[in-house]
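FYI, the numbering just counts along the sequence from 1. Because the structure is a prediction, the values reported are computed rather than measured.
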Amino acid sequence: MLLWILKKPKLLNRHSFSLTKRTICLRSLKINIKKTLSISLPLLLGVFLIWYSYNKFSEEQLREIQHYFSNANYRFVLISVLCGFLSHLSRAYRWNYMLKPLGYKPKIANNTMAVFVGYIMNLVIPRSGEFSRALIINKYEDVPYDKALGTIIGERVADMLILLIIVASAFFIQLDVLKDFVLSIVPIKNILILLFILILLGLAFLWFVYKTNNVLSNKIRGFVTGIFDGILSIIKMKNKWGFIFHTLFIWVMYVAMFYINIYALPETSNMAAGTVISAFIVGSFTIAFTNGGFGSYPFFISKILALFSIPLTLGTAFGWIVWIAQFVMMVFFGALSLILLPIYNRNK
């Protein structure tokens with residue numbers, strides 16, 4: 001039988017080709033499934049939260065929510081959108097402070113459009129915006145992808161530091177209320193278990209990258225080196241104060257974008273500063289870890305505001321007004337950027 005197969009090389013080649021084709025198809029199927037799940041699961045969660053929250057409202061409560069929308073002062077919403085636009089423009093300008101020490105100075109227009117495309121990508125796949133920003137600036141400004149991504153991660157580190165300061169301030173101001181809220185969502189036991197698992201996975205990853213010597217680990221080491229170059233550009237940059245100014249300005253605009261919306265509804269116009277900051281923090285985390293906060297943003301905003309004796313109907317309406325304003329801005333400018341990028345760079 002073996003001799004017969006050896007005499008039939010065409011049969012072997014055909015069989016090998018069939019196996020290779022089948023393997024490629026299986027890998028492609030797995031990749032497609034992963035992509036589909038990464039997009040669909042957060043969206044399904046958002047849909048579920050919308051259904052869950054509105055299913056609990058009576059007809060009278062739904063009419064009350066509609067009343068809030070009908071009587072909102074949308075001039076304040078437009079002002080909040082302007083604050084959001086200025087924060088993104090400042091983010092695009094700040095990016096060059098990190099790229100310049102690496103020898104690159106992209107056009108501010110390309111930076112701005114890359115930032116907006118990043119935000120619209122986050123609406124589709126959570127946290128994909130950073131990668132799309134790096135890809136765009138690599139395509140149109142010839143900035144190496146790993147270094148561009150490193151600078152983005154570097155600026156995220158700076159942003160996270162500011163957010164942690166805001167979180168610490170909010171917890172200091174509203175310690176008892178926020179502690180009970182967090183523990184009601186995620187019990188302390190689950191937090192400790194998750195932290196332990198993440199530490200183990202991190203150690204296993206570090207061992208693989210730095211203790212093995214194969215093609216994959218070498219590529220990862222090279223990639224990580226490029227990322228660290230980007231992060232270290234914060235230390236190397238000459239205009240540190242400019243970077244700090246824009247970082248603070250970005251977050252002042254973020255808070256202003258949220259805060260100004262309280263005046264859109266007369267019932268929320270007297271909201272205390274501690275309540276506003278607490279709701280802002282919760283909203284920031286829902287946007288960061290889901291498809292731009294779809295469904296989850298108004299749900300959790302209403303829940304946190306309820307802790308401060310604000311009715312669920314009012315909190316829900318307020319959450320949707322804030323989220324829709326941000327959503328419309330990101331979709332409009334993100335789609336516009338996708339159209340203008342190739343036109344602006346057509347002579348490149």
Side-chain angles (χ1 to χ4, degrees), residues 34-43 45-46 81 83-99 104 106-141 143-163 223 226-227 230-231 233 246-247 250-251 253-254 257-258 283-297 322-342 344-345:
K34 287 180 181 179
K35 285 182 179 179
T36 303
L37 289 176
S38 66
I39 296 172
S40 61
L41 286 180
L43 287 174
L45 174 63
V81 168
C83 290
F85 179 83
L86 290 175
S87 72
H88 301 327
L89 187 62
S90 180
R91 180 177 294 279
Y93 194 88
R94 182 186 67 172
W95 198 3
N96 272 359
Y97 285 125
M98 302 190 71
L99 290 169
Y104 306 99
K107 300 181 184 70
I108 297 300
N110 279 332
N111 282 7
T112 304
M113 288 187 280
V115 166
F116 277 113
V117 170
Y119 279 109
I120 200 173
M121 286 301 298
N122 282 335
L123 295 174
V124 181
I125 306 173
R127 309 322 308 161
S128 64
E130 285 79 0
F131 303 102
S132 64
R133 275 178 63 185
L135 286 169
I136 288 172
I137 216 68
N138 169 251
K139 179 178 180 180
Y140 293 112
E141 294 286 352
V143 179
Y145 173 78
D146 57 346
K147 294 187 184 297
L149 185 61
T151 59
I152 295 168
I153 294 173
E155 69 176 38
R156 288 301 184 192
V157 171
D159 290 334
M160 185 56 68
L161 179 62
I162 299 297
L163 181 57
F223 184 72
I227 287 176
I231 295 173
S233 64
H246 279 282
T247 300
I250 288 166
W251 282 92
M253 288 297 100
Y254 279 170
M257 180 170 55
F258 187 91
S284 298
F285 281 112
T286 61
I287 287 175
F289 295 108
T290 61
N291 297 64
F294 173 71
S296 61
Y297 188 92
V322 176
W323 184 82
I324 289 172
Q326 296 179 41
F327 175 79
V328 171
M329 177 189 66
M330 288 188 288
V331 169
F332 176 79
F333 287 108
L336 188 63
S337 297
L338 282 171
I339 295 169
L340 292 180
L341 267 169
Y344 181 74
N345 294 281

Measuring from atom CD of Glu155 to atom CZ of Arg133, what distance do you get when rounded to the nearest 0.5 angstrom? 4.0 Å
Salt bridge (charged side-chain N to carboxylate O under 4.0 Å, His left out) contacts touching residues 113-126 (sequence neighbours left out): none
State, to 0.1 Å, how close Val143 and Pro106 come at their nearest heavy-atom pair, and which atoms those are. CG2-CG, 4.1 Å
Short side-chain to backbone donor-acceptor contact, Asn110 and Leu341, under 3.5 Å: no
Which atoms form the tightest heavy-atom contact between Leu340 and Met113, and what is the distance? CB-SD, 3.7 Å
CA sep, side-chain torsions, deciding dist, call: Arg91, Asp159, side-chain contact (heavy atoms from CB on, under 4.5 Å): CA-CA 10 Å; Arg91 180 177 294 279; Asp159 290 334; 2.9 Å; yes
Any heavy-atom pair between the side chains of Tyr104 and Pro144 that's under 4.5 Å? yes
For Tyr254 and Trp251, take the angle between the two ring planes, folded into 0 to 90°, and tell me which bin it lands in: parallel under 30, tilted 30 to 60, perpendicular over 60. perpendicular
Measure from the side-chain N and O atoms of Glu130 to the backbone N and O of Leu149, and report whether any donor-acceptor pair falls under 3.5 Å. no
Under 30°, 30 to 60°, or over 60°: which ring-plane class applies to Phe85 and Phe116, parallel, tilted or perpendicular? parallel
Residue pair Tyr93, Asn111: steps toward the side-chain contact (heavy atoms from CB on, under 4.5 Å) verdict: CA-CA 7 Å; Tyr93 194 88; Asn111 282 7; over 6 Å; no
Is any side-chain heavy atom of Lys107 closer than 4.5 Å to a side-chain heavy atom of Tyr344? yes
Checking Arg94 against Thr247 for the side-chain contact (heavy atoms from CB on, under 4.5 Å) test, could you report, in this order, the C-alpha distance in whole Å, the side-chain angles of both residues, the deciding distance, and whether it holds? CA-CA 8 Å; Arg94 182 186 67 172; Thr247 300; 2.9 Å; yes
From CG (Asn96) to CD1 (Ile137), nearest 0.5 Å: 7.5 Å
Considering all heavy atoms of both residues, which atom of Ala114 and which atom of Trp95 are nearest to each other, and what is their separation? CB-CZ3, 4.1 Å
Which heavy-atom pair separates Ile250 from Ser87 by the least distance, and what is that distance? CG1-O, 3.6 Å
Please check: side-chain N/O of Thr112 versus main-chain N/O of Ile108, any donor-acceptor pairing under 3.5 Å? yes
Lys147 NZ to Leu99 CG distance, which is reported to the nearest 0.5 Å: 11.0 Å
Report the C-alpha distance between Gln326 and Tyr297 in whole Å, list the side-chain angles of each, state the deciding distance to 0.1 Å, and finish with yes or no for side-chain contact (heavy atoms from CB on, under 4.5 Å). CA-CA 11 Å; Gln326 296 179 41; Tyr297 188 92; 3.7 Å; yes
Nearest heavy-atom neighbours spanning Asn122 and Gly129: OD1-N, 2.8 Å
Minimum heavy-atom separation for Ile120 and Ala335, please, with both atom names. CD1-N, 3.7 Å
Please enumerate all residues that pass side chain to side chain contact (heavy atoms under 4.5 Å, CB included) together with Met121, with sequence neighbours excluded. Val117, Ser128, Ser132
